[in-house]
J.: 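Below you'll find the structure I mean.
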2 protein chains.
Amino acid sequence: MDKTRILLVEDDMNLGSLLKEYLIAKGFDTNLQVDGAKGLLAFKREHFDLCILDVMMPVKDGFTLAKDIRIMDPEIPYIFLTAKYMKTDILKGFNLGADDYIIKPFSMEELLLRIEAILRRTTKSSNQETFLVGNFIFDTNKQLLTKKDAEPIKLTTKESDLLKLLCQYSNQVLERNYALKAIWKDDSYFNARSMDVYITKLRKHLKSEPGIQIINVHGKGYKLIRE
Amino acid sequence: MDKTRILLVEDDMNLGSLLKEYLIAKGFDTNLQVDGAKGLLAFKREHFDLCILDVMMPVKDGFTLAKDIRIMDPEIPYIFLTAKYMKTDILKGFNLGADDYIIKPFSMEELLLRIEAILRRTTKSSNQETFLVGNFIFDTNKQLLTKKDAEPIKLTTKESDLLKLLCQYSNQVLERNYALKAIWKDDSYFNARSMDVYITKLRKHLKSEPGIQIINVHGKGYKLIRE
DNA sequence: AATCACTGTTAATGTGTGTTAACCCGCATA
DNA sequence: TATGCGGGTTAACACACATTAACAGTGATT
């Protein structure tokens, strides 16, 4: 599984860059923005797994930003940072769907632990080695699609890698860029076309399974549908 | 949905009974136990959805209790209460899989908000996947409009996203701005015109359904009418 | 009634995707 | 060194999707 992507929005550059550095050191892919408006732009541009938002910020405060983000992605968890212990703020934040609330000054260690506690609930179970795909058993290690009373299908490495990603994102969009970076290490035009070719190949392998479908999400990526 | 069942283990009877009373008033089915050993017995006897454990307790402390509970139910979320701000304690607690940590003294309101934040993540999201639209079954995942004795209609991603929003707001106004932010990420003039085009497309798909109508609410947005 | 902003619809445009087949390259075998 | 094969990439063509343009129609306001 790839790195968790965090959107960090904090106007205090000292604290912001320190936090960013710390989070990166802890293995999170972290994007720091200095105000709510820039944070919103970043969110429109990229995909994130968690938001850490300062409440008091110029241009657009953390709560307003959270409201906007919520419309676009109602599922994403967020943590608010606030300098003042204001009860109404906390209440407001939680009602906006905050997953946690941290009062400055806080220890980075505690922030990290709270992030992990949230991700534990949010992210799906670990690195699965085998998946059920329709009637097939997909063994990601052996790169094999096995079905009762049928010759196993050998998958090539690329086929297998791609199918594994699709399985991990079952019924969710697997973004092109994400898959390209994960498998091809590079999201160039030709790699993207290459990926399309592999989607075709996987569809052929899976066309015997009526409950399974790989559908395209225009401009975003692909989705493995299973019923 | 039934009441959420909370196991509260706290040796300070004053605080314990106060909390219990408060949680019951807030609609939680709450069981108070005064030490870790009794807490464990209660857990063996009944089913709970959330645990709130004091760390410092006679007979069996909160951490030890959490370890025992974890073996029986690895999924259950818990919140630790502690009187002292001890960093090592917090660390230990989170490593045990704590979902949250509250330092005494705390406001009951904050505890409630933290409980709700955790339950929001824990209990399955009521995110509806399929809708009945006239005689059609609309599968938002597969992006399909299916009707008996008829070829299913494949919807494009945008068509599907928009219809899903309309369904969620059935018989209410789906505001332009909201839909634009949710689907197009941006409420510019051109995106708004694009949305109109999709409304036309959806109306065409649904014109076979006499009970279904997408009407315009001038200056506001659209409304999916179903009888 | 006149005006302006909002909406309905169709069609043109450019970009994204599906698919097949040709191509390239490394590797094992002869 | 040649040969064939498997895995992966590139090319080419057809088609689908989303946006934009253009024009017609509607509602609100004066």
Side-chain angles (χ1 to χ4, degrees), chain A residues 44 140 142-145 151-166 173-207 212-225, chain B residues 142-145 151-166 173-207 212-225:
Chain A
K44 284 179 186 171
T140 59
K142 293 183 189 161
Q143 306 182 187
L144 237 48
L145 277 176
E151 192 65 14
I153 300 172
K154 277 189 72 172
L155 299 181
T156 72
T157 309
K158 285 258 149 71
E159 285 174 344
S160 176
D161 288 353
L162 185 53
L163 183 54
K164 183 176 179 183
L165 275 186
L166 284 166
V173 183
L174 169 64
E175 287 181 49
R176 275 197 111 82
N177 285 347
Y178 181 85
L180 285 170
K181 280 184 210 155
I183 301 177
W184 279 265
K185 313 297 176 204
D186 198 332
D187 59 349
S188 72
Y189 167 79
F190 285 118
N191 285 339
R193 297 320 324 273
S194 201
M195 178 168 158
D196 291 338
V197 173
Y198 278 92
I199 290 290
T200 300
K201 289 176 180 178
L202 289 179
R203 281 177 177 149
K204 275 183 189 162
H205 287 138
L206 297 174
K207 71 169 176 291
I212 297 294
Q213 236 179 317
I214 301 173
I215 68 167
N216 172 256
V217 180
H218 194 94
K220 298 235 170 55
Y222 293 94
K223 200 151 95 168
L224 179 76
I225 308 279
Chain B
K142 292 185 187 161
Q143 307 180 185
L144 236 49
L145 277 176
E151 192 65 13
I153 299 172
K154 278 185 73 171
L155 300 181
T156 72
T157 308
K158 285 260 148 73
E159 286 173 345
S160 176
D161 288 353
L162 184 53
L163 183 54
K164 183 177 180 184
L165 276 186
L166 284 166
V173 182
L174 169 63
E175 286 183 48
R176 278 196 108 83
N177 283 347
Y178 183 86
L180 285 170
K181 280 187 204 164
I183 300 177
W184 279 266
K185 312 293 180 205
D186 205 327
D187 59 349
S188 73
Y189 167 78
F190 284 120
N191 286 338
R193 297 320 324 274
S194 203
M195 178 169 158
D196 291 338
V197 173
Y198 279 93
I199 290 290
T200 299
K201 289 177 179 176
L202 289 180
R203 281 177 177 150
K204 274 183 190 163
H205 286 136
L206 298 174
K207 71 170 177 287
I212 297 295
Q213 236 179 317
I214 300 173
I215 67 165
N216 173 256
V217 181
H218 196 89
K220 297 243 166 49
Y222 293 94
K223 204 161 65 165
L224 179 76
I225 308 279

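Chain identifiers are assigned alphabetically (A, B, ...) following the order of the sequence lines, protein sequences preceding nucleic acid strands; residue numbering begins at 1 within each chain.
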J.: Would you kindly check whether a donor in the side chain of R193(A) faces an acceptor in the base of dG16(C), or vice versa, at under 3.5 angstrom?
T.: no
J.: Given dT10(C), dA11(D), dG18(C), which nucleotide is nearest the side-chain atoms of K204(B)?
T.: dT10(C)
J.: Just N and O in the side chain of K158(A): are any of them under 4.0 Å from OP1 or OP2 of dT9(D)?
T.: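 Affirmative; the distance criterion is met.
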J.: Rounded to whole Å, how long is the line connecting atom CG of N191(B) with atom C1' of dT19(D)?
T.: 9 Å
J.: Is the shortest side-chain N/O distance from R203(B) to OP1 or OP2 of dT9(C) below 4.0 Å?
T.: yes
J.: What is the distance, to the nearest angstrom, from the NZ atom on K201(A) to the C1' atom on dT17(C)?
T.: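 The answer, rounded to whole Å, is 16 Å.
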J.: Could K158(A) and D161(A) be called an ion pair, given the rule that one side-chain N must be under 4.0 Å from one carboxylate O?
T.: no
J.: Check D196(A), N191(A), D187(A) against R176(A) for a side-chain hydrogen bond (donor to acceptor under 3.5 Å, both in side chains) and give me the one that passes.
T.: D196(A)
J.: For L162(B) and dA18(D), give me the distance from atom CG to atom P, rounded to whole Å.
T.: 11 Å
J.: Have a look at Y222(B) and say if it touches a base, only the backbone sugar-phosphate, or nothing, with a 4.0 Å heavy-atom cut-off.
T.: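 The answer is sugar-phosphate, as Y222(B) gets under 4.0 Å only of primed atoms, P, OP1 or OP2.
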J.: Nearest heavy-atom pair of T156(A) and Q143(A): which atoms, and what distance?
T.: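 Scanning both residues, the minimum pair turns out to be C-NE2, 3.4 Å.
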J.: Over how many whole Å does the gap from L155(A) atom CG to dG7(D) atom P extend?
T.: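 Going from CG in L155(A) over to P in dG7(D) covers 10 Å.
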J.: Return whichever of D196(B) or V197(A) has its heavy-atom-nearest nucleotide of DNA chain C closer to the 5' end.
T.: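 The residue closer to the strand's 5' end, by nearest nucleotide, is D196(B).
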J.: Both M195(B) and S194(A) contact DNA chain D. Taking the nearest nucleotide for each, which residue is further toward the 5' end?
T.: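 The answer here is S194(A).
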J.: Would you indicate what K154(A) reaches in the nucleic acid, counting non-hydrogen atoms under 4.0 angstrom: base, sugar-phosphate, or nothing?
T.: nothing
J.: Is T156(A) touching bases, backbone alone, or none of the nucleic acid, heavy atoms closer than 4.0 Å?
T.: sugar-phosphate
